[in-house]
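To start, the structure itself, in structure tokens.
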2 protein chains.
Amino acid sequence: MGIQERKVREKEHRREEILDAAQKIFFEKGLVAATMDEIAEQAELSKGTLYLYYRSKEDLYLAIFMRGQEVLYELFRRVIEAGGPVPRVLARLGDAYIEYFERYRSYFRMMRFFETPEFHRQVSTEMRDACDVVNQRIWDLVIGFLRRGIEEGLLRRSLDPVEIAVIFWSSATSLMIRADAEEHEWHSRMGIDLSSTLRRSNTLFLESVLTGEGKAEVRDLLLPS
Amino acid sequence: MGIQERKVREKEHRREEILDAAQKIFFEKGLVAATMDEIAEQAELSKGTLYLYYRSKEDLYLAIFMRGQEVLYELFRRVIEAGGPVPRVLARLGDAYIEYFERYRSYFRMMRFFETPEFHRQVSTEMRDACDVVNQRIWDLVIGFLRRGIEEGLLRRSLDPVEIAVIFWSSATSLMIRADAEEHEWHSRMGIDLSSTLRRSNTLFLESVLTGEGKAEVRDLLLPS
DNA sequence: GTATTCACTGACTCGTAGTCATTCATTTAT
DNA sequence: ATAAATGAATGACTACGAGTCAGTGAATAC
């Protein structure tokens, strides 16, 4: 009966090998410029074989995106598990996201496509669903934490934890996308440094969700009014 | 000498006709799904002719994007010219952007591509530059207004008007992109209504940039702490 | 009446995602 | 030991769309 198991193992291994090859090419060239022929060559397999393991170029891309989401989950989990006062942990979550942006830039960049409907239409439902699961874990982690903050009276009671999470995440992401691609342009045309802007945005956001009591906890992190 | 002028006029007219045809197709199908053959058919011209007027599919797309930017400029200009207390006008600018998102959805959607480096690489420098000019006018308009607010002591002096503009714009845009494409999903999976979240985000942002004096001006618009 | 110009054409090239009939090695049945 | 069955892997092939360019014909100039 060992043969069946070995075959399953080998198949999974092959799947990972393909993913490694695809990751290398996608990281180097991006989704559009990368070709399946190149990935096949990198994987030392024929193009046809790739399609035995992944339904489409986009499925392959999404599978790699999921690796990135795992990394992000770990970063957030560590910050939350380290504990401390809610406002301070919230600030650290912002820093963790910036760390993801800076240290795992290639994974970060993949989020851009995750946002486009054109991309999603190419993805198989199975891959989509698998991705949603990984994603939901991140949201649940963060939202659960925010809920605690509200119960403890450190975050404003008039806010919804889900909304706070979404607002924080989208504004940070949006600035990062810009900082990633257009940092230099913004500096020369508008005279600002988007990395600082990103940090300032996080600070402003933090201030805006804390109660008076919450603000007292992190007075040192806030801006002068 | 009238012949030269007539020819120039006709050429400009043709350029507009092509733009109209392209707009129809792009609005219906989006950048990726739309084909130059379809656009040519809509314009009742051959594909080759399109390339006599626009360098690439992306140039054509960007030319339409610029039409949208003109509309946005007008919306903002009207709000600012109508005048009133800075904090209230700032809130109205947020509403104007939401109006752009809701009433000019097809133009709004084009911004997504404006953000991707893959797209930019396809665009000719001339079109790029033309686009930057239109864009800059919007930024100058808004930033000039914010600067006034700071001078009047209604917006926090520790903030940079350019940064405020960028932060506000990116967080709103990011939520809109999500609201546009994934409204339903977010509602069923996370139980939130992204349109409300967008408005709440704007309110939070407004609060966070106003001084005490500024907040007093728009007490009715803010959330309970 | 002839030459020139120029907007326009559409068949063509080129590149790439995805397919499928075929090959070949491994496993199973006798 | 040999034949049949399985299924992983192949690569030539199709489909399709962006962009090109030699050629056409009508308006204009001489």
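Quantities reported herein were computed from a predicted structural model and do not represent experimental measurements. All chains are named by letter (A, B, ...) in the order of the sequence lines, taking the proteins before the strands, and each is independently numbered beginning at 1.
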Does [X] make a side-chain N or O approach to OP1 or OP2 of [N] shorter than 4.0 Å?
{"X": "Arg14(A)", "N": "dA9(D)", "answer": "yes"}
{"X": "Tyr54(B)", "N": "dG19(D)", "answer": "no"}
{"X": "Tyr51(A)", "N": "dT10(D)", "answer": "no"}

(message) Here's one to test your reading of the geometry: is the NZ or CZ of Arg103(B) within 45 degrees of the ring axis of Tyr100(B) and under 6.0 Å from its centre?
(response) no

(message) Can you confirm if the NZ or CZ of Arg105(A) lies within 45° of the ring axis of Phe101(A) and under 6.0 Å from the centre of its six-membered ring?
(response) yes

(request) State whether a side-chain donor-acceptor pair under 3.5 Å links Tyr97(B) with Thr173(B). (result) yes

(message) Whether the Ser174(B) and Ser171(B) side chains hold a donor-acceptor pair (N or O, under 3.5 Å, no angle test) is what I'd like checked.
(response) no

Each nucleotide N or O in nucleotides 9-14 of chain C that has a protein N or O under 3.5 Å away: list the pair and distance.
unit_1: dT9(C); atom_1: OP2; unit_2: Ser46(B); atom_2: N; d: 2.8
unit_1: dT9(C); atom_1: OP2; unit_2: Ser46(B); atom_2: OG; d: 3.4
unit_1: dT9(C); atom_1: OP2; unit_2: Thr49(B); atom_2: OG1; d: 2.9

(message) Around atom CD of Glu102(B), are there more than 12 heavy atoms from other residues, nucleotides or ligands closer than 6.0 Å?
(response) yes

(message) Less than 4.5 Å apart, side chain to side chain, heavy atoms only: is that true for Arg189(A) and Asp132(B)?
(response) yes

(message) Contact list please: residues 18-41 of chain B against DNA chain D, heavy atoms, distance less than 4.0 Å, in numerical order.
(response) Ala34(B), Thr35(B), Met36(B)

(message) Using the ring centroid of each side chain, check whether Tyr107(A) and Phe27(A) are separated by less than 6.0 Å.
(response) yes

(request) Determine whether the aromatic ring centres of His120(A) and Phe114(A) lie less than 6.0 Å apart. (result) yes

